[in-house]
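Okay, structure first, notes after.
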Amino acid sequence: MKKTTPLIILDFGSQYSQLIARRVRELGVYCELYPHYISQATLSQLAPSGIILSGGPESVGQSFSPKVPDYVFELGVPVLGICYGMQAMAAQLGGQVASGGQKEFGLAKLVRASLPAEVAAQSLFALPVFENKEEIQVWMSHGDHVTQLPPGFYLLAQSEGACCAAMMDPQRRFYGVQFHPEVTHTPEGKAVLAYFVHTVCGCELNWQPTQIIPEIIQSIREQVNDEKVLMAFSGGVDSSVAATLLHQALGDKLHCIFIDTGLLRLNEVSQVKAMFEKDHRINLTMLDASERFLSELQEIDDPEQKRKTIGRVFIEIFEEEAQKHRDCHWLAQGTIYSDVIESAGASSSQASHVIKSHHNVGGLPADMNLKLIEPLRELFKDEVRQIGLALGLPHAWLYRHPFPGAGLGIRMMCPVTQAILEKLRLADAIFIEELQKQDLYYQVSQAFAVYLPVNSVGVVGDARQYAPVIALRAVKTDDFMTAHWAELPYSFLSKVAHRIVNEVPQVSRVVYDITGKPPATIEWE
Ligand code: XMP
C-alpha cells in the first residue's frame with residue numbers, strides 16, 4: 001500500500017532534509033529520501049508521483065556543486081525545489097543565480113506578486129490560508145539567490161530584500177521556494193507542502209504508520225522463517241517497540257538480552273523487568289553486569305575513554321551471552337529511518353544496510369555471523385511511538401526523555417564509583433519526579449542531573465559541610481543538534497534544590513545550567 005508511487009525527496013545535504021520527509025509523512029503521504037544523484041533506473045522503478053529537491057550547503061555556481069540529474073526534470077512529474085533545490089532548478093533550466101550579496105537568515109516577510117488569474121489559481125499561495133494575506137512570514141537561510149527566472153517561470157513572491165522567494169512553471173508543474181516550508185518558523189509551511197503534495201502531485205492519503213503493523217509482523221515472519229532471533233534490548237523507545245513487534249510475530253522464538261550496566265536511572269531495571277517480562281511476556285535475560293562495568297571504569301576520567309570502555313564491555317558481555325544462544329541465526333536491532341539516513345548519509349552513499357551504533361559506542365559485532373533484522377528501518381521516531389502506543393506500550397514509556405547509552409557514566413566529571421552513582425541517581429530521580437509532578441516534564445526535551453566533583457562549603461544543622469555539587473540541566477530542542485536551556489520557574493528550581501540538598505547525602509549545593517547548544521553540548525561530557 002505505502003510503496004505505490006511514493007513521493008521522493010532528493011537530498012542535497014541540507015540539515016533539514018529529514019525534516020522534509022517527516023513533514024510529508026505527517027501529511028499522510030509515504031515518502032523516501034534518496035541521494036541527489038539517484039540513478040535513472042532507480043528513479044524510473046520508483047515511479048514517484050512527485051519530487052522534492054532539498055536545500056544544501058553548496059553554491060550552485062561552483063564546478064563541484066551538486067546538480068539535479070536531467071532525467072528528474074524529464075520525468076513529467078511535479079518538482080518542488082527548496083532553497084538550494086530551487087537555485088539548482090533555476091540555474092539548470094536557464095535562469096540566473098547570484099552568489100553572496102543578498103544574504104537572508106531568519107524570519108522574513110514575503111510580498112506576493114500579482115499574477116494572471118489562471119496562473120494565480122495554481123500558485124503555492126492559492127490556498128484559503130493565504131486569502132487576503134498580503135505578507136507571508138517565512139524562515140530563510142541562504143546566501144545565494146535567483147536573479148533571473150528560467151523561461152516559462154512566473155515569480156510568485158519576493159522577500160523584502162527583493163529576492164525571488166517563490167517561482168512556478170505552471171505548464172511543467174515545477175515549483176521553487178527560497179524559504180524553508182518544512183520548519184515550524186514558517187507558520188504556513190505545512191500548507192505549502194500540503195498543496196504541493198496533495199493538489200499538485202495528487203498524492204492520496206496512503207500513510208498511517210499504525211496501519212502497517214500487520215504488514216510488519218507478516219514480513220518479520222516471512223524473513224525469519226521459523227528461525228530464532230536474538231536481540232540486545234536496551235529498554236529505550238526503539239528497542240521496546242521493535243521487541244514488542246518481534247514478539248508479536250515470533251513469540252518465544254525471540255530472545256532478548258538486557259545488560260544492566262549499573263549506569264541506569266533509579267528503578268529502571270525493575271521497570272523493564274515488570275513491563276516486558278511480566279506484562280508483555282517477552283523472553284528476556286536480565287544480566288546484572290554492574291560490577292564488571294564498575295571495575296572496568298575504575299580511574300577512567302576521560303569522557304571518550306569512558307564511552308569506549310562502556311561500549312567494549314557491553315559488546316564483550318553480549319558476545320559471551322550470545323554463545324549460549326547458538327541456535328539463534330538472527331540478530332534484531334531497533335534501527336530507525338533516521339539512523340539509516342545518518343549512518344549511511346543519504347547524500348554520500350546509497351543507504352546501505354548499516355548496523356545501528358548501539359549505545360553510540362561502536363555497534364554490535366558484525367562478525368557474529370548473524371543475519372540482521374530491523375523491523376523499524378523505514379520509520380521515524382514519532383511513527384515508532386505511534387506504533388508503540390497501538391501495541392499497548394505505555395505513553396509515559398514511549399515519550400521519556402532520551403538517555404545516553406553510556407548512561408550516568410558520562411554525567412559525572414570524574415571516574416565512576418558506586419557511591420557517586422547512588423547520589424546522582426537519587427538527585428536525578430528527584431528532578432524528574434518534580435518535573436512530572438508540576439507538569440513540566442513534557443515541556444522540556446531532556447532533563448537530568450550531573451555530578452560535579454567540586455567540594456563547596458555548606459551548613460548542615462550547626463555544622464559546616466564540605467561536599468560536592470549537583471548541576472541540573474534541562475533543554476528544549478527539536479532535533480538535539482541545537483538546544484535552548486529551559487527557562488524553568490525559579491520556584492520550581494528552588495524546590496528541587498531544596499529537596500536534593502536535604503534528601504541526597506553529602507551534597508552542599510545545586511546549580512542550574514543556563515548554557516545553550518552551541519556553544520555547550522547537552523551532556524556535560
Ligand atoms: P550532546 O551532548 O552531544 O547530546 O549535545 C545530544 C543528544 O545525544 C545524547 N548523547 C548520547 N547518546 N550515547 C548516546 O546514546 C552517547 O554517548 C551520547 N552522548 C550524547 C544526549 O543525551 C542528547 O540527547
Donor-acceptor contacts under 3.5 Å from residues 272-281 side chains, at least two apart:
unit_1 : atom_1 : unit_2 : atom_2 : d
Lys273 : NZ     : Glu277 : OE1    : 3.1

Is it true that [X] and [Y] have a side-chain N and a carboxylate O under 4.0 angstrom from each other?
X      : Y      : result
Arg265 : Glu268 : yes
Arg22  : Glu182 : no
Lys476 : Glu487 : no
Lys308 : Glu304 : no

Can you tell me how far [atom2] of [Y] sits from [atom1] of [X], rounded to the nearest 0.5 angstrom?
X      : Y      : atom1 : atom2 : result
Thr477 : Ile522 : OG1   : CD1   : 5.5 Å
Glu320 : Ile257 : CD    : CD1   : 11.0 Å
Ile220 : Glu374 : CD1   : CD    : 11.5 Å
His198 : Tyr195 : NE2   : OH    : 13.0 Å
Asp11  : Ser54  : CG    : OG    : 4.5 Å
Arg385 : Phe380 : CZ    : CZ    : 13.5 Å

Checking [X] side chain against [Y] main chain: does a donor-acceptor pair fall under 3.5 Å?
X      : Y      : result
Asp302 : Gln305 : yes
Ser508 : Ala467 : yes
Asp428 : Arg425 : no
His185 : Trp139 : no
Thr186 : His180 : yes
Glu434 : Val496 : no
Glu131 : Leu127 : no
Tyr441 : His401 : yes
Asn502 : His498 : yes

Quiz item: Can you list the steps and then say if Leu19 with Val183 is a side-chain contact (heavy atoms from CB on, under 4.5 Å)?
Solution: CA-CA 8 Å; Leu19 200 54; Val183 304; 4.1 Å; yes
Judged by modelled atom types alone, do [X] and [Y] share a side-chain donor-acceptor pair under 3.5 Å?
X      : Y      : result
Thr285 : His255 : yes
Glu383 : Trp207 : yes
Asp260 : Ser290 : no
Gln18  : Tyr16  : no
Arg509 : Ser456 : yes

Practice problem: Give me the ring orientation class for His145 and His142: parallel if the planes are under 30° apart, tilted from 30 to 60°, perpendicular past 60°. | Solution: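 Because their plane-to-plane angle is over 60°, the rings of His145 and His142 count as perpendicular.
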Quiz item: Relative to the ring of Tyr399, is the ring of Tyr442 parallel (under 30°), tilted (30 to 60°) or perpendicular (over 60°)?
Solution: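 Perpendicular, since the angle between the ring planes exceeds 60°.
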Where do [X] and [Y] come nearest, in terms of heavy atoms and distance?
X      : Y      : result
Pro468 : Tyr451 : CG-OH, 3.1 Å
Lys190 : Glu26  : NZ-OE1, 3.4 Å
Val29  : Val197 : CG2-CG1, 3.4 Å
Tyr84  : Glu58  : CD1-O, 3.2 Å
Asp238 : Gly334 : CB-O, 3.2 Å
Ala157 : Phe125 : CB-CE1, 3.8 Å

Taking atom [atom1] as the centre, does [X] end up with more than 12 heavy-atom neighbours from other residues, nucleotides or ligands that are less than 6.0 angstrom away?
X      : atom1 : result
Lys109 : NZ    : no
Tyr490 : OH    : no
Asp478 : CG    : no
His395 : NE2   : yes

Quiz item: Going through the distances and angles, do Phe233 and Leu254 end up as a side-chain contact (heavy atoms from CB on, under 4.5 Å)?
Solution: CA-CA 11 Å; Phe233 177 72; Leu254 171 72; over 6 Å; no
Side chains of [X] and [Y]: closer than 4.5 Å at any heavy-atom pair?
X      : Y      : answer
Ile136 : Val111 : no
Ile213 : Ile387 : yes
Leu294 : Thr417 : no
Leu53  : Met86  : no

Quiz prompt | Worked check of side-chain contact (heavy atoms from CB on, under 4.5 Å) between Ser17 and Leu33 | solution = CA-CA 8 Å; Ser17 302; Leu33 192 64; 4.1 Å; yes
Self-check item: Passing option when Leu193 is tested against Val177, Leu124, Leu27 for side chain to side chain contact (heavy atoms under 4.5 Å, CB included)
Solution: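 For Leu193, the side chain to side chain contact (heavy atoms under 4.5 Å, CB included) check succeeds only for Leu27.
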Self-check item: Option passing side chain to side chain contact (heavy atoms under 4.5 Å, CB included) with Val510 (candidates Ile500, Ile430, Leu493)
Solution: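 Testing each of Ile500, Ile430, Leu493 against Val510, the sole residue satisfying side chain to side chain contact (heavy atoms under 4.5 Å, CB included) is Ile500.
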Practice problem: Have a look at Glu523 and tell me which of Arg411, Arg473, Lys517 forms a salt bridge (charged side-chain N to carboxylate O under 4.0 Å, His left out) with it. | Solution: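 It is Arg411; the other options fail the test.
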Quiz prompt | side-chain contact (heavy atoms from CB on, under 4.5 Å) evaluation trace for Leu440 with Val444 | solution = CA-CA 7 Å; Leu440 291 166; Val444 300; 5.8 Å; no
Quiz item: Given Gln87 and Gln178, is the side-chain hydrogen bond (donor to acceptor under 3.5 Å, both in side chains) satisfied, shown in steps?
Solution: CA-CA 8 Å; Gln87 295 160 8; Gln178 184 54 70; 3.0 Å; yes
Self-check item: Counterpart residues, side-chain hydrogen bond (donor to acceptor under 3.5 Å, both in side chains), relative to Glu525 (two or more places apart)
Solution: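 Counting only residues at least two positions away or on another chain, Glu525 forms a side-chain hydrogen bond (donor to acceptor under 3.5 Å, both in side chains) with Lys306.
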Practice problem: Identify, with sequence neighbours excluded, every residue that meets side-chain hydrogen bond (donor to acceptor under 3.5 Å, both in side chains) alongside Thr515. | Solution: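 In terms of side-chain hydrogen bond (donor to acceptor under 3.5 Å, both in side chains), with neighbours along the sequence ignored, Thr515 is linked to Asp513.
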Quiz item: Are Arg25 and Tyr337 in a cation-pi setup, meaning NZ or CZ lies under 6.0 angstrom from the ring centre and within 45 degrees of the ring axis?
Solution: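 Yes, Arg25 sits over the ring of Tyr337.
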Exercise. Could you walk me through whether Glu135 and Arg112 pass the salt bridge (charged side-chain N to carboxylate O under 4.0 Å, His left out) test, one step at a time?
Key: CA-CA 7 Å; Glu135 285 188 344; Arg112 290 155 71 172; over 6 Å; no
